[in-house]
Amino acid sequence: MKPSLCLLLIAMIFPMLTPTLSAQKCRSHANWEEKVEQDPQALLRREQLQNFTEIYQDNSSSRALKVTIPVVVHVLYNNSTQNISTAQINSQIDRLNEDFRLMNADSLSSSHAFWPYVADAEIEFCLAQQDPDGFATTGITRTQTSVPYFDDYSEDMKSSATGGVDNWDPTSYLNMWVVGFHNDSLTLGFAAFPSELSSDPELDGIVFRHEVFGTVGTAGSNGFGVNDNGRTATHEVGHWLNLFHIWGDDICGDDLVNDTPEHEEENYDCPSFPNRPNNSCGSDQNGEMYMNYMDYVDDDCMKMFTGGQKLRMHAAIDGARSALKTSAGCESSSVGIRATESIPFNLYPNPADDMVMVDFGASQQNISASVYSLSGTLQMRINQKTGSSIQLPVNALTSGCYLVEIASDQGVKTVKLFVR
Ligand SMILES: [Zn+2]
């Protein structure tokens, strides 16, 4: 019998004894490993951020830490169930603000052996008040997609070309995509690590299945009852700010945080304290910190970040994600809100040399096509009364990345354009 088949049979007969075969709830680390296979330079980028992190930790005492991160939630829906309510989105933002400020009602008691390690991470979140162009926004985009369920191994949800929606400037916003995953997928979500922001900006952000987003609405549905308290996002934002799984993704692995005990492996469900006291990695009698947000336990069982994890996250905010500190995303806009409905269109070729075609598929009225630099400076604008397409002469633009905003009576949509 092949070992894998043998293990599978054991897993079927003794599901509680084979936790390593349980659901890979979070794909952040697996995606990272795949990335390294394709691009070994990713290891170097991670090492560079680690070096920065260690210097930051050594000089952290005099720093002002508190920061507010602007969030944009991209709801991608194929059916009305996937088009989650604003209340569900607000409940997720609330959960993040509680967990990252140690305001969660279920935090450890001050008599618990791990209480001395519990930290207020001093990170807050707002739904964006203004978009990258300075327009007022709800911080929520809603886009109907022809994709019924996204593959949790793909990044298709991150591009309008593949049925998704492009992220907003990832240096200034935390982008969250809320999507439908296949029913047979047990993945809850995945995040991009900050060391990849410079090399793959278009992939930066966090993806969630809607059943684990927030605490109301569809949260907990379709068999995800233990993930109904918004803690998937707390965990994934941890990754987005450079935290690793507390078991270091290995047997007795290292999460590079000094004040978390080494874990033999991940924990599931909700163990009782102490869990694995004096474990094989050399923990003390208190065992493993299974109630940490970076383990795999049920939502109602995870309750804490440590001071070491807090510093590591702030190092990411001070380093790779430093533009967040000057982002205007949380400030209200003096410019009026614009239509939120999205116009479906194709833009090609992209990258382009001299001419770009914007094809709507059907006739539109009062079309306006604007090309902006990434800093928001208008480069050109073409107006057209009616038509099913519009042409943009981009031959006068210097090489680089631009934002193309198409507006018509049907709505507004912005996409990225690369000019060679
Ligand atoms: Zn994870």
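Positions are given from 1, in the same order as the sequence printed here. Whatever order the structure lists ligands and atoms in, that order sets their numbers, starting from 1. Fair warning: this is a prediction, and the values are worked out from it, not measured in the lab.
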Would you please name every residue forming a side-chain hydrogen bond (donor to acceptor under 3.5 Å, both in side chains) with Ser107, sequence neighbours left out?
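Residues passing side-chain hydrogen bond (donor to acceptor under 3.5 Å, both in side chains) with Ser107: none at all.
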
Determine, for Asp318 against Lys325, whether the closest basic-nitrogen to carboxylate-oxygen distance falls under 4.0 angstrom.
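Counted as a salt bridge, because a side-chain N and a carboxylate O are separated by less than 4.0 Å.
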
Can you tell me how far apart CG (Asn90) and OG1 (Thr138) are? Round to the nearest 0.5 Å.
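Answer rounded to 0.5 Å: 9.5 Å.
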
Hey, what do you get for NE2 (His112) to OH (Tyr117), rounding to the nearest 0.5 Å?
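Taking NE2 in His112 and OH in Tyr117, the distance rounds to 12.0 Å.
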
Consider salt bridge (charged side-chain N to carboxylate O under 4.0 Å, His left out). Of Asp298, Asp299, Asp106, Asp300, which one does Arg231 pass it with?
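Single pass found, and it is Asp106.
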
Short of 2.8 Å from the Zn ion (ligand 1), name each protein N/O/S atom, waters not counted.
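Result, waters dropped: Cys26 SG, His235 NE2, His239 NE2, His245 NE2.
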
Is Asn97 reaching over with its side chain to a backbone N or O of Phe125, donor-acceptor style, under 3.5 angstrom?
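Here the side-chain-to-backbone pair exists.
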
